[in-house]
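Before any comments, here is the structure.
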Amino acid sequence: MTSTKQTDAGSATGDRYSPAEIEPKWQARWDESGINKTRDSEPGKPNWYALSMFPYPSGDLHVGHWFMYVGADVHARFMRMQGYNVLHPQGFDAFGLPAENAAIERDIHPRDWTYGTIENMRGQFRLMGASYDWDREIVTCNPDYYRWNQYFFLKFFEKGLAYRAEGPVNWCETDQTTLANEQVRDGVCERCGTPIVRRNMTQWFFRITDYADELLDMSKIEWPENIKTMQTNWIGKSTGVDINFDISEYGLEEKHITTFTTRIDTVYGVTFIVLAPEHPLVESLIQPAQEKAVRAYIAAAGKASEIERTSTEREKTGVHTGSHALNPLNGERVPILVGDYVLSTYGRGAVMGVPAHDERDFVFARKYDLPVRVVIAPRDWDGGELKEAYLSAGVHVNSGEFDGLPNREGMEKISDKIEANNWGSRTVSYKMRDWLISRQRYWGTPIPMIYCDHCGTVPVPESDLPVLLPEHAEFKPTGRSPLIDDAEFVNTTCPDCGKPAKRETDTMDTFMDSSWYHLRFTSPKNDKEPFDPEIARNWVPVHRYMGGVEHAVMHLLYSRFFNKALRDLGMVDFDEPYARLFNQGMLITEGGKISKRNRPMPADPLVDRFGTDTVRCYLMFLGPWGDGGVWSDEGMNGPSRWLNRVWDLARRDPERLASVTVDPKAEEAINRAGHIVSKRAAEDYEQFKFNTVISALMEYTNELARLWDAGGISPPAWREAIEKLLRLLAPIAPHITEELWEKSGRDFSIHNELLPDWDDALTIADLVTIVVQINGKVRAKLELPADSSEEDVATAAMADRNVQAHTEGKQIRKRIYVPGRLLNLVVG
RNA sequence: GGGGAAGUGGCGGAAUUGGCAGACGCGCAGGCCUUAGGAGCCUGUGCCUUCGGGCGUGUGGGUUCGAGUCCCACCUUCCCCA
């Protein structure tokens, strides 16, 4: 028997694995051949839309991007090799703030900056070897894309889904502008450091709240439970009662304050009312003696963020207005306070204070010495003072005619009484607010609206779209949108009456762009409509959407809303945009996140040193894709060595085996190994466990190397084994497998092949190791046929010296047998 | 504050879902080879040990013949929030 060492094979063919040569070669070849082009349909192949969230063109693709996009590409390639017609597009989410900041800092036009970074990133994407169909690329800042944002906006406006209203914004006094939330760091403007204040401005909104209940229904999507829970919590539906407290004694236009509560059963326990500082009635209810204190309080409250204000750790503060309101149930006159733990944006911006039965109200009442009245008696209550708010169920006390009722029943009876007397009504409240679309920024889609002194707010006619961003804008560090000062842009004529009018200068939130880009990818060059509905229905709902968990409640909720709005406009006939969602984890370094600002680690140098396939393997080997990974510089050696070994094995000349006598046992072993690895790899690919796909393939290569050295294998069996290895590895390492596929004399391309099939019967070993335990401790391991009976195993076990030693003179009280696995003897 | 995820060797992680803990890889140690390399090959590597074995999956309890896996309480870390 000859033992053929790998060095022999290497010198025989004289080649080495050289990623720097083969990777650019195949990337060019794939481009030329159009292998990544996706047709709208292919006979005999079901469509599969594998979409990854497109990137913001921030300048460089860092390894964090690679981690995400390689995983998505592996999935797309896997599905192709499972026989699907796969759509795997890529584009750029190209509008947004960083371009504008770059314009201010470096005196470069946002457009030039953006197209520059896109050009750079296209090259880096190419380096990644991803199987994108670049003919379908989308760049959202192109007028041929954003014109459709405007088109949708007009449709939403017609349908009453877009409206203009006052809403709170972050305002920087120094820069005289609103700031996006991401521009506010620790309560100050990130550019000039001025503390930001909240103020109300007239802005455009989409009525996402109209769809709140439908958005809560997630029966038509297969998404991770945590994401669904996050959306549910975000929407924050609560059912309760709006109840009016009378303030007619002040002779105002408003005769009452409406509060929303989910605990109307506690209404007899109301001892005060708290208004949010922004509540419209605050101004008229301030009594002269309190004026100074209240105004100071409101000014201070404007500086706190909502997260701070609703924190349970923060001290609850408030101030008396000096006014009072009447509780309609018991006619009691209770004081009205202003407190910033009440938000204007939730419920009615006013709450009834029930210290006995609400934690926050309890703390608040203690601090301001307001009475605490128990109206739901705790079990075994002695009538004394409460040490903390009592939140559980109980029986009504101090509640007039409802005394003695269980509070659950009281809740309904009291609600009935309130409705019967017109004091209020049962209602549903949501935490989610309407989607604020307006941004006071240049680098975004202009909102296609015109303000005319005669005709009011007039939509730009569809035939006039797109409303183009002006070419020459001035970018100065004033913070004001350059559009406001662009007379040529702002001044226009009214489409209705033809008189001079002014354009809206707000641009759209960039979540608008990402709400429908998946539709655009299905017919990206359509210049008649945003997408072809007939083609779109063959791809959407997206079969598998992949991206980060950070979009759980923003992008993913907006897209769902958008889809439902389009459905109601008759533009699509399905209810959801993304059927299945998978969240890849985050790649971190020991220092923290790789993406974002702190540590962008470019992939290019790694590719230079190790090659794309090695970087791809390394990233996918770090751990389960869904869990993210921790980057370390040293781990790259593993996959690098492994791919070299793969190269070596695949380059061995099988004819060298021909002189060896074929051993049926060896043939069976190599065949079995092929079936086992095919099963393991396919199952793990399916579940995005790319790390264990790789470890299975590593074990397989180790096994092949052993089998080669042991000899007894026929050349055809070896060829088949290598072919399986290449096909199974192709989704992760597309270049090396393509090269080796060609070198072994097969037709272009391995990426048009299917993954190897397997026979379950051949994945089960016929000899198994059975563990023998005595009282749960391992005392022997037996090699026995897989189909051994319990008696066979017990007999074999008792023949073992160590087992005898541990059972000697003891009685076997119990015997547990797990077929093919374990025998546990309980002795005593 | 609210919501979510997770704790296994020096490190990343694996474990057929209640059945041999540590697969695979990194790192480290020893050896081999020589085109002296960031290359390749072989061997070893959880901890303790009187070499019989004992102990080990964040901590403390519990269920079970048997727990990384299930139950209860606690501790810690990470991620997200118009």
Given the 90°-from-0 boundary between syn and anti, B:rG9 should be labelled syn
C1' atoms of B:rG58 and B:rU69, separation to the nearest Å: 16 Å
Rounded to whole Å, CG of A:L649 lies from P of B:rG40 at a distance of 14 Å
Parallel, tilted or perpendicular: rings of A:Y163 and A:F205 (30°, 60°): parallel
Ring centres of A:W631 and A:Y618 under 6.0 Å apart? yes
C1' gap between B:rC20 and B:rA36, integer Å: 44 Å
Checking A:R652 against A:W708: charged group under 6.0 Å from the ring centre and within 45 degrees of the axis? yes
Should the pair A:R560-A:E214 be classified as a salt bridge under the 4.0 Å nitrogen-to-oxygen rule? no
Between A:R609 and B:rG38, does any side-chain N or O lie under 4.0 Å from OP1 or OP2? no
In whole Å, what is the span from the NZ atom of A:K689 to the P atom of B:rA14? 8 Å
Both A:R779 and A:Q773 contact RNA chain B. Which one's nearest nucleotide lies toward the 5' end? A:Q773
Look at the side chain of A:S695 and decide which nucleotide, out of B:rC20, B:rU16, B:rC24, has an atom nearest to it. B:rC24
Validation row, ring centre A:F621 to ring centre A:W642 under 6.0 Å: no
So, is B:rG52 syn or anti if syn means the angle is within 90° of 0? syn
Pair of N/O donor and acceptor under 3.5 Å linking B:rC65 base with A:K814 side chain: no
B:rC11 C1' sits how many Å from A:L622 CG, rounded? 12 Å
Both distances below 3.5 Å, Watson-Crick or wobble geometry, any strand: find the nucleotide opposite B:rA21. none
Here's a test of your reading of the structure: between A:S640 and A:D434, which maps to the more 5' nucleotide of RNA chain B? A:S640
Rounding to the closest angstrom, what is the interatomic distance between B:rC11 and B:rG53 at atom P? 29 Å
